[in-house]
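Below: the structure, in structure tokens.
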Amino acid sequence: MQDLVIYNTLHRKKELFQPIAAPNVGMYVCGPTVYGDPHLGHARPAITFDILFRYLKHIGYKVRYVRNITDVGHLEHDADEGDDKIEKKARLEQLEPMEIAQHYTNRYHDAMRSLNVLPPSIEPHATGHIIEQEELVNQILANGYAYESNGSIYFDVEKYDKDHHYGVLSGRNITDMINNSRELAGVGEKRNQIDFALWKRAMPEHIMRWPSPWSDGFPGWHCECTAMGRKYLGDHFDIHGGGMDLIFPHHECEIAQAVASQGDEMVKYWMHNNMITINGQKMGKSLGNFITLEQFFTGEHDTLTQAYSPMTIRFFILSAHYRGTVDFSNEALQAAEKGYERLMNGIEDLARIQTAAASDENTKKFVAGFRQKCYDAMNDDLMTPAVISTLFEACHLVNILIDHKAQISADDLKELTEAMQLFAFDILGLQNERGANNDAREEAYGKVVDMVLDLRAKAKAEKNWAVSDQIRDALAEAGFQVKDTKDGVTWKLDR
């Protein structure tokens, strides 16, 4: 089993991954709030933790991956007096809130399938776990870290901080938070502006509500993940992940809820992916600058110059380390498209390589170290850009072998093929999007190109170099690479 090192946001450093109950791994990732079509910002956490899920399983762990669906009762970023986005949309469209939630859940699943994101082991919905959330609130109340106000329940952050440390994940200081909150006019039902809702009493116009010992209402946003994580992964589990924008307040509040209810922290490793930005600004629904995945796939958006396939999007996201920022631009996506095509060409071209009795020294050395070099990159905090770089090195070797400028044995070619396919397809989760229709099209291309090359060969035999060069240049302009080798002429479609 490989030694995986991951960056633990809680301790702000890379740590050797050591599961609580090896070889079993419990992993919880905050999933989408389903009140709109999935956009590029949804793709990054989904792909990031899909890579982690795939890799943990590959290196021998048994993984229970829980990714929640926030369907109703969600107050965006704990805006205690804010709108429930799903309920608001239901009113506008005169539908049941669950119709809205189901429609966009289906859309999210469709997008994830297109991106080849594996489904989680369990996908719990917030509305299906109201009882567990009420029990969590009861435990926090019983331990003295919450209070009731007008039928709502709030977490007493100042009291909790006296016994523990509120701000352990985000690095924030409660004194600074309290001082900043005093600048705000009034605290409403709360004792302190920094307190957060565990349960909210529903106003008469609120559609979705549940009975509780305190009022008919709904849970605060932070409760769902703590309650569902504990239900399916136990009081202590290995990994909790999500976007970096969730560190505060959401994940900070989750830690406080766990400690306040059970006496100690629930999660061993916290992992966070960085944001996708447009012109340096976070992409998201709240900012109105998002582009849906469907728009990327069809090209139907004013800022897009073309359509981009799901695998181009996946390759684009994997080309940057998950903790680094990724700034959207058409140029960046076009570069990702070319990179993806280059990799697919290299893997396809493996079948065209002619083997020799033995590999030359440089080829043998590269193949011998190729697989471990990819593992080393993955084991260093999922360094997918380094894996892609190593795969490109392999593509370069493939081109050299096709041009007969190097030699490779059958055994080494088998190892190179299996390792390239393992890391490109099984671990990075890429797929070859060309399919049967493209195969048929390329067969037709082949017949035409072969006929044209016969004409070029005739021109060369007649020493009509002008016509020969004209045919070669015309094919290149049309996207075909033609090479003259000592064994004859080779060509391929340069996608």
message: For the aromatic rings, using the six-membered ring if either is Trp, is the centroid distance between H222 and H251 under 6.0 Å?
response: no
- prompt: Is a donor on one side and an acceptor on the other found under 3.5 Å between the side chain of T312 and the backbone of A336?
  reply: no
- prompt: Between F315 and Y308, is the gap from one ring center to the other below 6.0 Å?
  reply: no
- prompt: Taking the side chain from D50 and the backbone from L118, do they hold a donor-acceptor pair closer than 3.5 Å?
  reply: yes
query: What orientation do F423 and F370 show, parallel under 30°, tilted 30 to 60°, or perpendicular over 60°?
result: perpendicular
task: Hey, could you give me the CD1/CZ distance between I276 and F290, rounded to the nearest 0.5 Å?
output: 14.0 Å
field: Interatomic distance, N116 atom CG to R314 atom CZ [nearest 0.5 angstrom]
entry: 5.5 Å
- request: Taking the side chain as every heavy atom from C-beta outward, state whether Y7 and W270 have any pair of such atoms under 4.5 Å apart.
  value: no
message: Centre-to-centre under 6.0 Å for F218 and H206, is that the case here?
response: yes
query: What about Y232 and H129, are their ring centers closer than 6.0 Å?
result: yes
message: Under a 3.5 Å threshold, yes or no: a donor from one side chain and an acceptor from the other, between T292 and Q295?
response: yes
message: Set out, in order, the CA-CA distance, both residues' side-chain angles and the distance that settles side chain to side chain donor-acceptor pair (under 3.5 Å) for N330 and T305, then state yes or no.
response: CA-CA 7 Å; N330 280 285; T305 58; 3.2 Å; yes
- prompt: Is the centre of the Y154 ring less than 6.0 Å from the centre of the F196 ring?
  reply: no
message: Testing the basics here: between E134 and W214, what is the closest heavy-atom pair and its distance to 0.1 Å?
response: O-CH2, 3.7 Å
query: Should the ring pair F17 and Y269 be called parallel, tilted or perpendicular, given that the plane angle runs from 0 to 90° and is split at 30 and 60?
result: tilted
task: Could you check if a side-chain atom of V34 sits within less than 4.5 angstrom of a side-chain atom of T70, using non-hydrogen atoms only?
output: no
- prompt: Any sub-3.5 Å donor-acceptor pair from N68's side-chain atoms to H125's backbone N or O?
  reply: no
task: Find out whether the Lys NZ or Arg CZ of R67 is both under 6.0 angstrom from the six-membered ring centre of F49 and within 45° of the ring's axis.
output: no
- prompt: Take atom CD in E96; do more than 12 heavy atoms of anything else shown fall under 6.0 Å from it?
  reply: no
- prompt: Just by modelled atom types, is the I408 backbone N or O under 3.5 Å from a matching donor or acceptor in the D412 side chain?
  reply: no
message: Check whether N143 reaches the backbone of A260 with its side chain - one donor and one acceptor, N or O, closer than 3.5 Å.
response: yes
field: Flag if over 12 foreign heavy atoms under 6.0 Å of CZ, R371
entry: yes
- prompt: Could you go step by step and tell me if H109 and Y104 meet the side chain to side chain donor-acceptor pair (under 3.5 Å) rule?
  reply: CA-CA 9 Å; H109 288 156; Y104 288 112; over 6 Å; no
query: Going by atom types only, do Q262 and R230 share a side-chain donor-acceptor pair under 3.5 Å?
result: yes
Distance (rounded to the nearest 0.5 Å) between R352 CZ and I402 CD1: 4.5 Å
